[in-house]
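Here's the structure, in structure tokens; my notes come after.
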Amino acid sequence: TFVLIIAIIALIIDVSFAIRFRKRVDDAVSSVNLQDAIVECPNIEGFKKNATKLLHHKSLNYAIVVFSLKRFHFIEDQFGADASVSLLKYMKEILVALCHENETFGYFGDGKFLLLMDFNQENIFRNRLSVFEGIINKYETLKENRVKMQLAAGVYLVKNNPNKTVADMI
């Protein structure tokens, strides 16, 4: 009977360990599925998850901005894949600095980013987007080769449609 009790305790510990290990693996896989491996920031699924959490702040008005660099593929064609990836990472760093506490962004793919921004004052909103475009053109490869990039952006005002999902708004 003593051996049976020890065996049962060992089995319980083993099952408990297996459950915890499985949870850690699931959490790690989930985290990987929410990140873009190349740009090293949230992907579209990570953006949706983060934006959904933030949209519960009823005191803030938001806008979802989908933007891309016009002629993004020109960078890759002209300067190579490394240059286009480097530009995307540069854009990510700008977004990290640009985003306020209750804002988020993600990489959509193909040179496009998503941004959930505070939209309480339209003039401040527009100025922040203008600053972003100006900083992009300070990227060394663009400056050295006298290439000027422009943003193409679509803006969705969340305050007018609070019951839609983030996926619907994109």
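Sequential numbering from 1 along the given sequence is applied to the chain's residues. All of these numbers come straight from a predicted model, not from anything done at the bench.
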Specify the closest pair of heavy atoms between [X] and [Y], including all atoms of both residues, with the distance to one decimal.
| X | Y | value |
| --- | --- | --- |
| Glu133 | Gln150 | OE2-CA, 3.2 Å |
| Lys92 | Val39 | CD-O, 3.2 Å |
| Met149 | Arg71 | CE-O, 3.8 Å |
| Val155 | Ala63 | CG1-CB, 3.8 Å |

If you measure from [atom1] on [X] to [atom2] on [Y], what distance do you get to the nearest 0.5 Å?
| X | Y | atom1 | atom2 | value |
| --- | --- | --- | --- | --- |
| Cys41 | Leu88 | SG | CG | 8.5 Å |
| Glu76 | Leu87 | CD | CG | 11.0 Å |
| Asn102 | Leu54 | CG | CG | 6.0 Å |
| His73 | Asp110 | NE2 | CG | 3.5 Å |
| Ser84 | Phe72 | OG | CZ | 4.5 Å |

- prompt: For Lys89 and Glu93, what are the C-alpha separation, side-chain angles and deciding distance, and is it a salt bridge (charged side-chain N to carboxylate O under 4.0 Å, His left out)?
  reply: CA-CA 6 Å; Lys89 288 182 177 184; Glu93 292 304 322; over 6 Å; no

Non-hydrogen side-chain atoms of [X] and [Y] separated by less than 4.5 Å:
| X | Y | answer |
| --- | --- | --- |
| Phe47 | Asp36 | no |
| Phe79 | Glu144 | no |
| Ile44 | Leu114 | yes |
| Leu69 | Ile136 | yes |
| Leu116 | Leu55 | yes |
| Asn50 | Pro42 | yes |

message: Tell me which pairs pass ring pair (Phe, Tyr, Trp, His ring centres under 6.0 Å) where either residue lies in residues 109-149, with sequence neighbours left out.
response: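 Passing the test, one end in residues 109-149: Phe67-Phe113, Phe67-Phe132, Tyr90-Tyr139, Tyr107-Phe113, Phe119-Phe125.
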
- request: Could you walk me through whether Asn127 and Ser130 pass side chain to side chain donor-acceptor pair (under 3.5 Å), step by step?
  value: CA-CA 5 Å; Asn127 287 341; Ser130 295; 5.2 Å; no

Does [X] reach the main-chain N or O of [Y] with its side chain, forming a donor-acceptor pair under 3.5 Å?
| X | Y | value |
| --- | --- | --- |
| Glu103 | His100 | yes |
| Thr52 | Lys48 | yes |
| Arg128 | Leu98 | yes |
| Asn145 | Val147 | no |
| Asn43 | Asn33 | yes |

Residues Met169, Tyr62; criterion side-chain contact (heavy atoms from CB on, under 4.5 Å); working and verdict: CA-CA 11 Å; Met169 295 179 217; Tyr62 283 105; over 6 Å; no

Hphob cluster co-occupancy, [X] + [Y], side-chain heavy atoms under 4.5 angstrom:
| X | Y | value |
| --- | --- | --- |
| Leu142 | Val131 | yes |
| Ile13 | Ile6 | no |
| Leu151 | Ile124 | no |
| Leu157 | Phe105 | yes |

query: Does CG in Asp82 sit with more than 12 non-hydrogen atoms of other residues, nucleotides or ligands closer than 6.0 Å?
result: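 It does not: Asp82 CG has 12 such atoms or fewer within range.
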
message: Quick test of your reading of the model: are Arg126 and Glu122 salt-bridged, counting only N-O distances below 4.0 Å?
response: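 Yes.
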
